[in-house]
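Please read the structure below before turning to the comments.
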Amino acid sequence: MKWVCTSAWPYVNAIPHLGNMIGSVLSSDIFARYLRSKGEDVVFVSGSDMHGTPAAVAAKKQNITPDELTKKNHQIIKDLFEKWQISYDNYTQTHNPIHIKFVQEFYLEIQKNGFIFEKEIESFYCQHDSFFLPDRFIVGTCPYCGFEGARGDQCDSPACGKLLEPTELIRPRCNICGNEPILKKTNHWYLDFPKLENELEKFVKDNEIIPANARSACLNSIKEGLPERAITRDLEWGIPAPFKGAENKTIYVWFEAVLGYISAVKEWAEKIEKDKSKFEYFWNDKNTRSVYFIGKDNIIFHLLIFPGLILAYNKNKPEPERFELPYNVSSTEFLMYENDKFSKSRGKGIWIDEALELAPLDYWRFNLIFNRPEKSDTSFLWSEFQNNINVLNDVVGNFIHRTFTFIDRYFGGIVTPMGETDDADAIFLSSMKNIGSVVGDLIEQFELKKALKEVISIAREANVYLTEKAPWHLIKGDKEKTGHVLNICIQFVHNLGILLEPFIPDSSKAIFHYLNVNTEKERPKWPQISGTAIKAGHKIKKPKPIFQKLDVEDLKLKLKETRDAKAEKPEVSEIKKKQIVSYDEFKKLDIRVAKIIDAEPIAKTDNLVKLKIDLGFEQRTLVAGLAQIYNIEELKGKKIVVLTNLGSRKMKGVLSQGMLLAAVDDDGNVSLLTYDKDKEVKLGSKIE
RNA sequence: AGAGGGGUGGGCUAGCCUGGUUUAUGCUGCAGGGCUCAUAACCCUGAGAUCGUUGGUUCAAAUCCAACCCCCUCUACCA
């Protein structure tokens, strides 16, 4: 079986966020990696959607060409996907010659087949910007509620929210320059969807594996009647429409980006594989299954419009020239952020560039899949993130580490033979033997979340097995038996390396590294999931833990700091100004020399010390975080510098009447401030 | 308004299509115990849910039907 695996095309104007990632890109990556591991023939493509009004407008604002802007942004997204270890065979973009030519030829074919017609319409045109305005780029006063910022398609007032036609607006204005647009006649080319209704209905009904919710949405849509849809736009930034008389028009992005699924494979075959026949090999073969990973908002486009275009193209074509219809779509619900919508402007959400700064990639990949919105909208919750990663660490990571450590300690890192198996061994070994097909079947049913949970659950089984066998006792009496148990455990670790690869590839690599299996030469693959892959006599490497526990409070803080830093960057000089204090302000601080006369650690804390200090004129109690830096005896008798007029504060039940001053660097090194010992001064001397 | 999805122990979640072997699954958290090899980890036991509300169908409903309440999403020349 051959597979064309694809993910929805991200719009080039924005960095994708975690929700975009799990819905399409990451899910498809897991699927593609799994198929490759299984030994299937697969090509995995996607790309940036470069065209459309927002990119053109953004470019205009920055005073560069749309071409320059989108190329730059495309490169940023492409690099990020590489960092996310998305294993595209070709991540391209829609403004490349192969795609453009392909789209133009494709539409001429459809026209030849009688699915394109021309129609005159009236729409708003801005004379100042020389621009036909899409609905969203027209603002005006809502005729229903009087709200002034209503857009051409909908009134934005939360109280109203009514759907509008641009012509309904009172005093319409161009959203780019603010001038009043005029109505202008223009011709557009339409796709004759009603003509395709029957065939599309048949396609959806015959395809038994598309998800029930997607199917009902499509059939419903067909029942309501598919509208004729304009496929051209009066925009400069796009693919020139190839129709006669359509000079200066471009193809509407929705109607060309989806064709990228086909053209990206063409480009891959020609440019990367240097073998043109690979294109037909995938796209013109009945044995090819094409799968599409998308968010739920994209269902209609992938299950009606894209197949509709293919059907229109295939008409009157001989069998070998026809393109295959989609095999399945996997659509996810939406990912929310702490029960809120992702929103860049409100700072709600996490974007894939900042995620990489906060935690290892695999933690994000793991958490996103573990939490994949398969049934209903799901929230990214920080608390769940911590929870899930700790499960990964404790259940999977710790088992691996224990196994490695035992073998390293008891047997000098050498795997010893498996002996006679008893019942407990047999049960665990048989689970191990089945796990490959259990997890694989789930992935093939697009149940990625369940598949991953299945891996975790067999790791729990492994922990039970290890507890029952207790090699740390066994080693005292029966070394051979201990080796036997550890042999079984190491087989499981090897299996984990294979099972986890599609989900968290970096960690899989780490497992094989410590296992001392050279993945460069030949990566162990899905069919090798068994109970015998590691032979007796094999030597493993000195182990180190593969995962760490996660403290999300730190991450949240770090995220906030990086965002603040980014936001404040242009105003650095202002910050410096702010930090200047006047002498009068400094004088308000009462800083004095004092002597520590007694010190004792505070119970149930790691670092806090209770200090009794002498200021010469009075004695006070201070609390300071010093226990891990200085030892208690060392502190006694030291002369220190204290801020005495800081409001007192209770810490762990002890009242601290002041603050001891110390130097702290970025690495957490701490040094008490003291004064020049050669010049002795009285206790209580003021520092000025 | 129309269309689509959802409301299950403190938090998250499975089951719903194809009604009954489920005393409603699992994780986390909580309580108790065990182990002490490992990253305070691992293992065992326990408490905790009128499955949004109200009706209906049925011998039997979280699961099917109806009405209602609440939450989310989409509504096409926006990407």
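Note: hydrogens, waters and symmetry copies are ignored here, and every other heavy atom, side chains too, is used. Naming: A, B, ... by sequence-line order, numbering from 1 per chain.
Rounded to a whole Å, the CZ atom of A:Phe306 is 19 Å from the C1' atom of B:A76. Counting to the nearest Å, the C1' atom of B:C77 and the CD1 atom of A:Ile121 are 8 Å from each other. The CG-P distance, from A:Asn393 to B:A40, rounds to 9 Å in whole Å. In this entry the distance linking CG of A:Leu452 with C1' of B:C27 reads 13 Å, nearest Å. When the P atom of B:C77 is taken as reference, atom CZ of A:Phe124 falls 14 Å away, rounded to whole Å. Summarising the geometry, the separation between CD1 on A:Ile305 and C1' on B:C77 is reported as 11 Å, rounded to the nearest angstrom. Computed from coordinates, the A:Tyr337 OH to B:C72 C1' distance equals 19 Å when rounded to whole Å. Rounded to a whole Å, the CD atom of A:Gln386 is 18 Å from the P atom of B:C27.
A salt bridge links A:Asp394 with A:Lys549: the closest approach of a Lys/Arg side-chain nitrogen to an acidic carboxylate oxygen falls below 4.0 angstrom.
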Contacts under 3.5 Å, N or O only, protein and nucleotides 7-13 of chain B:
unit_1, atom_1, unit_2, atom_2, d
B:C12, O2', A:Glu384, OE1, 3.4

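Judged by closest nucleotide on RNA chain B, A:Gln548 is the one of A:Gln548 and A:Val253 placed further toward the 5' end.
Comparing B:C42 with B:C27, their C1' atoms sit 16 Å apart, to the nearest whole Å. If you take atom C1' in B:A62 and the same atom in B:G52, they sit 12 Å apart, rounded to whole Å. Rounded to a whole angstrom, the distance from the C1' atom of B:C59 to that of B:U73 is 41 Å. Going from the P atom of B:U50 to that of B:G9 covers 7 Å, rounded to whole Å. Taking the C1' atoms as reference points, B:U28 lies 15 Å from B:A14, given to the whole Å. Going from the P atom of B:C70 to that of B:C30 covers 36 Å, rounded to whole Å. To the nearest whole angstrom, the two C1' atoms, one in B:A47 and one in B:U23, are 15 Å apart. One P atom belongs to B:A60, the other to B:G33, and the distance between them is 46 Å to the nearest Å.
Under the 4.5 Å side-chain criterion, counting only non-hydrogen atoms from C-beta, A:Ile369 is not in contact with A:Ile504. Looking only at side-chain heavy atoms (C-beta outward), A:Phe366 and A:Leu452 come within less than 4.5 Å of each other.
Residue A:His473 has a polar side-chain atom (N or O) positioned under 4.0 Å from OP1 or OP2 of B:U36. Residue A:Tyr252 places at least one side-chain N or O closer than 4.0 Å to OP1 or OP2 of B:A79.
Base pairing of B:U36 is not made with any nucleotide, judged by Watson-Crick or G-U wobble geometry with both donor-acceptor distances under 3.5 Å. Taking a pair to require two hydrogen-bonding distances under 3.5 Å in either a Watson-Crick or a G-U wobble arrangement, B:U58 remains unpaired. Partner assigned to B:A67 is B:U53, using Watson-Crick or G-U wobble distances below 3.5 angstrom. Of all nucleotides present, only B:C72 satisfies the Watson-Crick or G-U wobble test against B:G4, with each distance under 3.5 Å. Base pairing of B:U23: no nucleotide in any strand meets the Watson-Crick or G-U wobble criterion (both distances under 3.5 Å). The partner of B:C77, taking Watson-Crick or G-U wobble pairs whose two distances both stay under 3.5 Å, does not exist in any strand shown. Judged by Watson-Crick or G-U wobble contacts below 3.5 Å, the nucleotide B:A31 has B:U45 as its partner.
Nearest to the side chain of A:Val391, among B:U28, B:A79, B:C43, sits B:U28. Nearest to the side chain of A:Lys296, among B:C35, B:G4, B:U28, sits B:G4. Listed candidates were B:A14, B:A79, B:U73. Nearest to the side chain of A:Trp254 is B:A79. Of all nucleotides listed (B:C44, B:C42, B:C77), B:C42 comes nearest to the side chain of A:Thr467. Ranking B:A79, B:G15, B:C77 by closeness to the A:Tyr190 side chain, first place goes to B:C77. Comparing B:A79, B:G15, B:C43 against the side chain of A:Thr53 picks out B:A79 as the nearest. Nearest to the side chain of A:Phe406, among B:C37, B:C42, B:U73, sits B:C37. Across B:C42, B:U73, B:U39, the shortest atom-to-atom separation from the side chain of A:Phe547 is found for B:U39. Nearest nucleotide to the side chain of A:Pro54, out of B:A79, B:A14, B:C42: B:A79. When the nucleotides B:A79, B:C37, B:C42 are ranked by their closest atom to the side chain of A:Arg409, B:C37 comes out on top.
No contact: A:Arg372 has no heavy atom under 4.0 Å from any strand. Counting any heavy atom pair closer than 4.0 Å across all strands shown, A:Asp49 reaches sugar-phosphate atoms only and no base atom. Residue-level contact check: A:His188 touches neither bases nor backbone, having no heavy atom under 4.0 Å from any strand. Residue contacts shown for A:Asn463 are limited to sugar-phosphate atoms, with no base heavy atom under 4.0 Å away.
Here the CZ atom belonging to A:Phe404 is positioned 5.5 Å from the CD1 atom belonging to A:Ile546, to the nearest 0.5 angstrom.
A cation-pi contact, defined as under 6.0 Å to the ring centre and within 45° of the axis, links A:Lys184 to A:Tyr125. The side-chain tip of A:Lys119 points at the ring of A:Tyr190 from less than 6.0 angstrom away and within 45° of straight on.
Below 30°, between 30° and 60°, or above 60°: for A:Phe406 and A:Tyr410 the angle between ring planes is below 30°, a parallel geometry. Relative ring orientation between A:His74 and A:Tyr91 is described as parallel, the plane-to-plane angle staying below 30° on a 0-90° scale split at 30° and 60°. Classification of the A:Phe446-A:Phe293 ring pair by plane angle, with boundaries at 30° and 60°, yields tilted.
For an aromatic pair to be called close, the ring centres must be under 6.0 Å apart, and A:Tyr11 with A:Trp9 fails this.
A search for side chain to side chain contact (heavy atoms under 4.5 Å, CB included) contacts involving A:Ser379 returns A:Met336, A:Asn339, A:Leu381, not counting sequence neighbours.
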